[in-house]
Amino acid sequence: MSLIVQKFGGSSVSDAEGIKRVARRIIDTKAAGNDVVVVVSAMGDTTDDLLDLAAQLTTNAPAREMDMLLSAGERISMALLAMAIDELGEQAASFTGSQAGLITDASHGMARIMEVSPQRVHRAIERGYIAIVAGFQGMSKETKNITTMGRGGSDTTAVALAAALDADVCEIYTDVDGIYTADPRVVSSAQKIEKISSEEMLEMAASGSKILHLRCVEYARRFGVPLHVRSSFSTHEGTWVIPDPDDKITIQEGEPMEQPIISGVAHDHSEAKVTVIGVPDIPGKAAQIFGVIAAAQANIDMIVQNISTQGSGKTDISFTLPMTEGKRVLDALNTAKGEIGFEELEYNEEVGKLSLVGAGMRSNPGVSFTFFEALHQAGINVDMISTSEIRISVVTDADKLNDAVRAIHTAFNLDAEVEATVYGGTGR
Ligand code: ASP
Ligand code: MG
């Protein structure tokens with residue numbers, strides 16, 4: 001008998017039909033002889049709708065109340081799902097994050113999990129119930145307030161429960177058949193990946209692949225939880241994210257021993273670029289700039305410093321950051337303008353980031369050449385570059401990004417013969 005944690009995203013439970021389909025799926029898993037714990041997200045675009053509603057009332061919502069509001073989305077879907085299962089003749093009990101023992105720190109909107117004590121979930125499955133847990137939320141031990149864990153946080157709830165319950169697998173159900181070599185909404189010839197190491201998946205998630213929450217992949221890697229990403233609209237085998245490539249990937253007969261060089265292309269439209277123009281080219285200025293940014297609690301991604309124009313003694317420093325943090329950082333830098341001594345700031349939201357990820361890059365020369373040659377052939381100008389051992393990322397104009405993704409996908413022979421299926425959802 002296995003214990004399976006199944007997580008269903010908002011697009012899988014967007015209406016009553018979806019909830020019924022998911023309920024049947026859960027019952028089938030139970031009928032096959034498994035214990036099942038379910039984590040569910042808010043229905044469809046509920047979380048966005050709640051955010052929109054709050055925005056009509058205030059631009060400065062108290063963080064505690066915002067979490068009270070947003071956590072309601074998952075409470076709706078968990079209760080409806082429990083009813084649908086009950087209607088089909090199985091026993092189910094729903095639990096909020098705090099009832100399920102998800103204890104977090106006290107920070108609202110981006111709470112971190114401190115402890116998971118799922119005794120009530122345990123007892124429910126022992127009594128033969130299907131346990132349904134509201135994703136994305138917990139309770140602070142310190143303040144006893146309800147917290148949420150950041151957008152897309154239900155994936156992390158699922159993995160945290162799977163780790164605490166020592167589940168055999170954590171299945172993440174979504175609206176595509178698995179993880180693809182590129183977003184199938186952009187590249188229709190994208191291929192489903194059968195297995196990917198969590199190291200590669202981390203780079204993909206950090207590079208804008210929206211299919212799994214970054215923290216969920218980190219958590220699964222740290223606790224050795226195997227993830228199976230699959231569609232709730234089909235019964236196809238999905239993509240396995242394997243925590244430790246050294247001892248967990250078992251190679252079947254006839255399978256190549258080596259990993260493919262490239263696992264996929266991720267893209268990201270959510271970043272903006274800031275250029276600090278005319279920075280005095282003397283030691284300590286970069287530290288000052290990034291000190292101001294750190295104090296504003298912003299997350300910087302790529303950084304480039306240009307060579308200073310001869311004799312001017314000045315240089316430009318550019319960096320990218322999430323668009324949502326742009327205003328905060330510009331304000332902070334402007335406040336420190338006199339002290340740092342730069343000339344002006346330039347801000348551009350019309351940029352996009354493309355990342356090529358693959359563990360095989362480490363040992364295969366020529367990847368960068370193929371990459372930049374493909375961009376050149378497609379007439380795409382590169383604005384910034386950054387790399388890790390297993391990733392190359394570039395920033396381009398926003399309106400060129402999709403073309404760039406397709407060009408790179410083709411250049412690395414990732415195109416499939418058949419079109420990828422997208423079952424639903426907006427990808428939002
Ligand atoms: N409902 C939350 C969101 O939309 C959490 C999640 O879906 O995982 O971000
Ligand atoms: Mg989600």
Side-chain angles (χ1 to χ4, degrees), residues 5-15 18-19 22 37-55 61 63 65-81 94-98 100 102 104 107-113 116 132-139 146-163 170-176 179 201 204-206 208-220 225 227-233 241 268-270 322-324 423-428:
V5 174
Q6 299 187 319
K7 181 258 168 179
F8 293 92
S11 57
S12 298
V13 291
S14 60
D15 54 16
I19 293 174
V22 164
V37 173
V38 177
V39 173
V40 73
S41 291
M43 295 170 69
D45 290 331
T46 302
T47 308
D48 290 301
D49 295 343
L50 293 173
L51 282 167
D52 290 348
L53 254 179
E65 302 313 324
M66 194 55 121
D67 276 356
M68 278 303 222
L69 176 69
L70 296 186
S71 63
E74 272 70 12
R75 293 181 70 147
I76 294 171
S77 47
M78 75 175 191
L80 290 172
L81 185 55
S94 64
F95 300 95
T96 64
S98 70
L102 278 126
T104 69
S107 62
H108 287 289
M110 49 179 173
R112 298 228 142 223
I113 296 173
V116 185
I132 313 220
V133 178
F136 161 71
Q137 56 183 276
M139 187 186 74
I146 298 299
T147 55
T148 65
M149 303 172 354
R151 299 306 306 272
S154 299
D155 294 351
T156 305
T157 304
V159 174
L161 274 174
C170 180
E171 296 183 334
I172 308 277
Y173 284 88
T174 178
D175 53 14
V176 285
I179 295 157
M201 196 59 228
M204 295 277 280
S209 161
K210 280 170 250 2
I211 196 146
L212 285 178
H213 201 222
L214 178 61
R215 278 163 61 189
C216 141
V217 186
E218 282 170 349
Y219 207 106
V225 178
L227 297 176
H228 186 188
V229 181
R230 56 196 310 195
S231 169
S232 67
F233 298 80
V241 183
D268 192 351
H269 274 291
S270 67
M323 242 178 240
T324 48
Y423 297 93
T426 54
R428 181 156 122 169

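We count ligands from 1, going down the list as the structure has it; atoms in each ligand are counted the same way.
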With heavy-atom distances below 4.0 Å as the criterion, list the atoms of ligand 1 near [X].
X	value
Arg151	3 (C), 4 (O), 9 (O)
Ser41	6 (C), 7 (O), 8 (O)
Gly152	3 (C), 5 (C), 6 (C), 8 (O), 9 (O)

inquiry  = Between Asp67 and Thr147, is there a side-chain donor-acceptor contact under 3.5 Å, judged purely by atom types and distance?
reply    = no
Any heavy atom of Glu74 under 4.0 Å from ligand 1? The part involved is side chain
Please confirm whether Gly10 comes under 4.0 Å of ligand 1, counting heavy atoms of the residue only. no
Is there a heavy atom of Met149 sitting under 4.0 angstrom from any atom of ligand 1? no
Are the side chains of [X] and [Y] in touch, meaning some heavy atoms are under 4.5 Å apart?
X	Y	value
Thr157	His213	no
Val40	Ser94	no
Gln6	Val22	no

On a heavy-atom basis, the closest approach of Arg215 and Ala111 is NH2-O, 2.7 Å
